[in-house]
Amino acid sequence: WATSCHGAGIAAVNAQTTIRDSRFHGNVMWCRHYDLFGAALYVSGGTVTVEGVTFTNNYVYGENESGPSANAFAGAVHMTSVKRVRIASSYFFRNRVTDFGATMGRGASLYVTGTTGVLSRVIMKGEGDVDNGRGAVFVANGRLWATNVLAAQSVGENGMICQAGNVTLVNATLAGNALGGLSNEAATVTMRNAVVWGNTLGGIGGNAAATYSCVQGGFAGTGNISGDPLFLDTKHYHPKSTVGVYTNGYFSDGTWAGAAQMSPTVDAGDPMDVYPTEASPSGPRINMGYDGNTETASKGLLKGTTFCFL
């Protein structure tokens with residue numbers, strides 16, 4: 001048998017790879033003793049653009065007999081030494097690494113090493129497996145910028161694990177994950193306008209520079225809050241708003257409704273950030289959470305001076 005397997009769906013080495021408006025479903029990699037990298041997509045070197053792609057039920061499987069040197073990285077997408085990665089407007093549902101144990105299985109959705117990448121408008125929901133436990137997103141090293149990203153309800157997983165490198169999260173939501181929201185070992189992590197809430201083992205583990213974020217249990221930093229973000233539901237994780245909250249969709253295909261309460265995350269982000277994409281009416285600041293500065297951000301209350309002309 002092979003000593004390692006790469007990309008059951010697509011494997012690209014030193015290529016300019018572009019994938020748009022596609023679906024990777026049910027790609028499986030199996031090995032008894034050796035390494036598995038990226039059940040749906042494996043990329044080494046070159047550049048990668050992934051836009052409008054859905055990854056569902058892709059997984060790597062170790063038959064519970066993996067040798068001590070075996071690794072299983074990325075139930076869906078594995079990126080190694082890639083010069084430039086952009087993953088945008090894409091969805092990850094129920095991808096997993098299974099039967100490799102907590103020390104060997106990493107990155108149910110995405111594994112990044114030696115790579116410079118951007119995630120934008122990415123949804124990761126229900127990722128992982130109880131036999132993995134190492135993060136829906138695993139950053140081994142490199143540089144990752146993630147904005148408008150939701151990582152929720154991971155099974156047996158942290159929302160994100162940062163082992164080394166530089167990671168920036170802007171308007172991210174890490175919620176309802178079976179372990180922690182974010183676990184940082186030795187990376188430089190910066191977080192802004194984020195919501196980290198309802199994770200079984202806590203919000204942020206390790207060091208991070210978090211500002212204007214809602215973090216369960218509290219976390220030191222300018223503008224941080226620790227109150228319940230009042231999600232409308234745990235399907236789309238939009239915060240409640242008495243003015244208007246988006247229902248039945250993440251970034252599209254839904255409708256607007258009203259709620260009886262106002263989330264403390266609405267109009268609570270960094271006052272220096274612009275938010276031209278938020279629907280009107282929007283308040284004086286960007287929203288916290290993955291939908292901040294998007295068309296589906298919960299609507300805010302206009303504040304300021306009222307003039308009456310007679």
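The structure displayed is predicted, hence computed values, not measured ones. For reference, positions follow the sequence shown, starting with 1.
- Relative orientation of the Tyr61 and Tyr59 rings is perpendicular, given thresholds of 30° and 60° on the angle between their planes.
- To the nearest 0.5 Å, the span separating CD1 on Ile204 from CG on Leu182 amounts to 6.5 Å.
- With rounding to the nearest 0.5 Å, the separation of CD in Glu295 from OG in Ser252 is 9.0 Å.
- Of the possible polar contacts, none joining the Gln163 side chain to the Asn184 backbone as a donor-acceptor pair under 3.5 Å is found.
- Between His78 and Phe73, the ring-plane angle classifies as parallel under the 30° and 60° cut-offs.
- Of the possible donor and acceptor atoms, one in the side chain of Asn287 sits under 3.5 Å from a partner among the backbone N and O of Asp267.
- Between Asn293 and Val274 there is no side-chain heavy-atom pair separated by less than 4.5 Å.
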Thr56 vs Arg23, test: side chain to side chain donor-acceptor pair (under 3.5 Å). Steps then yes/no. CA-CA 8 Å; Thr56 55; Arg23 184 181 183 190; 3.2 Å; yes

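- Judged by distance alone, with hydrogens and angles left aside, the side-chain atoms of Asn158 form a donor-acceptor pair with the main-chain N or O of Gly180 at under 3.5 Å.
- Within the 4.5 Å cutoff, side-chain heavy atoms of Thr294 are placed close to those of Arg121.
- The minimum heavy-atom distance linking Tyr237 with Gly176 is given by the pair OH-CA, 4.4 Å.
- The two residues Thr265 and Cys214 come nearest to each other via the heavy atoms CG2-CB, 4.0 Å.
- Here Asp291 contributes atom CG and Thr296 contributes atom OG1; the two are 5.0 Å apart, rounded to the nearest 0.5 Å.
- Ser90 has its side chain out of reach of Thr54: every pair of non-hydrogen atoms, C-beta onward, lies at least 4.5 Å apart.
- No donor-acceptor distance shorter than 3.5 angstrom exists from the side chain of Ser263 to the backbone of Pro239, with no hydrogens or angles considered.
- To the nearest 0.5 angstrom, Lys125 atom NZ is 15.0 Å from Phe92 atom CZ.
- Between Phe24 and Ile10, some side-chain heavy-atom pair lies under the 4.5 Å cut-off.
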Working for side chain to side chain contact (heavy atoms under 4.5 Å, CB included), residues Asn27 and Phe55: CA-CA 9 Å; Asn27 295 283; Phe55 299 87; over 6 Å; no

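- Of all non-hydrogen atoms in Ser282 and Tyr275, the two that sit nearest each other are OG-CE1, 3.6 Å.
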Run Trp256 and Lys299 through side chain to side chain contact (heavy atoms under 4.5 Å, CB included) and show every step you take. CA-CA 10 Å; Trp256 290 96; Lys299 297 179 180 181; 3.8 Å; yes

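- Tyr246 and Val266 fall into different hydrophobic clusters, where Ile, Leu, Val, Met, Phe, Trp and Tyr residues are linked whenever their side-chain heavy atoms come under 4.5 Å apart, directly or through other members.
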Side chain to side chain donor-acceptor pair (under 3.5 Å) evaluation trace for Asn193 with Asp270: CA-CA 6 Å; Asn193 306 337; Asp270 191 330; 5.9 Å; no

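- Put simply, the side chain of Asn58 never gets that close to the backbone of Ala39: no donor and acceptor are under 3.5 Å apart.
- If you take CG on Asn177 and OG on Ser183, they are separated by 12.0 Å, rounding to the nearest 0.5 Å.
- Salt bridge status for Arg192 with Asp273: present, with a side-chain N to carboxylate O gap under 4.0 Å.
- Cluster annotation: Val85 is connected to Val149 through the hydrophobic network of ILVMFWY side chains, with a link wherever side-chain heavy atoms come within less than 4.5 Å.
- Within the 4.5 Å cutoff, the side chain of Val50 has no heavy atoms near those of the Thr17 side chain.
- Using a 4.5 Å heavy-atom threshold, the side chains of Thr247 and His236 count as separate.
- Screening residues 209-224 for side-chain hydrogen bond (donor to acceptor under 3.5 Å, both in side chains) gives Asn199-Gln216 as the qualifying pairs, with residues at least two apart or on separate chains.
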Please report the C-alpha distance between Ser89 and Glu51 in whole Å, then the side-chain angles of each, then the deciding distance to 0.1 Å, and finally whether the side chain to side chain donor-acceptor pair (under 3.5 Å) criterion is met. CA-CA 6 Å; Ser89 303; Glu51 294 180 347; over 6 Å; no

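- Formation of a donor-acceptor pair under 3.5 Å by the Arg94 side chain with backbone atoms of Asn57 is not found in this model.
- Listed here is the closest heavy atom pair of Val245 and Ser298: CG2-OG, 3.7 Å.
- Under the 4.5 Å side-chain heavy-atom criterion for ILVMFWY residues, no single connected hydrophobic cluster contains both Tyr290 and Leu174.
- When the shell of 6.0 Å around CD of Gln16 is examined, it contains 12 or fewer heavy atoms from other residues, nucleotides or ligands.
- Residues Ala76 and Asn95 come closest through the heavy atom pair CB-CG, 3.8 Å.
- Checking Asn148, Val122, Ile123 one by one against Tyr250, the side-chain contact (heavy atoms from CB on, under 4.5 Å) holds for a single residue, Ile123.
- Transitive grouping of hydrophobic side chains (ILVMFWY, heavy atoms separated by less than 4.5 Å) brings Val137 and Leu169 into a common cluster.
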Thr18 vs Thr49, side chain to side chain donor-acceptor pair (under 3.5 Å): CA-CA, chis, key distance, verdict: CA-CA 5 Å; Thr18 300; Thr49 299; 4.6 Å; no

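- Checked by atom type and distance alone, the side chain of Thr242 never pairs as donor or acceptor with a backbone atom of Ala259 at under 3.5 Å.
- Using a cutoff of 4.0 Å between basic side-chain nitrogens and carboxylate oxygens, Arg96 and Glu157 are not scored as salt-bridged.
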Determine whether Asn171 and Ile286 satisfy the following criterion, side chain to side chain contact (heavy atoms under 4.5 Å, CB included), listing intermediate values before the conclusion. CA-CA 9 Å; Asn171 286 104; Ile286 190 172; 3.5 Å; yes

Working note: Thr168 + Leu144, criterion side chain to side chain contact (heavy atoms under 4.5 Å, CB included); need CA distance, chi angles, decisive distance, verdict. CA-CA 6 Å; Thr168 300; Leu144 181 67; over 6 Å; no

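- Annotation: side chain of Thr116 is not in contact with side chain of Arg84 (no heavy-atom distance under 4.5 Å).
- In this structure, Val112 is not a member of the same hydrophobic cluster as Phe37, with clusters built from ILVMFWY side-chain heavy atoms closer than 4.5 Å.
- Val82 and Thr47 make their closest contact through CG1-CA, 4.0 Å (heavy atoms, listed as atom of the first residue, atom of the second, distance).
- Between the CZ atom of Arg143 and the CG atom of Asn166 there is a distance of 4.5 Å, given to the nearest 0.5 Å.
- Side-chain contact between Asp233 and Phe231 is absent, with no heavy atoms from C-beta onward closer than 4.5 Å.
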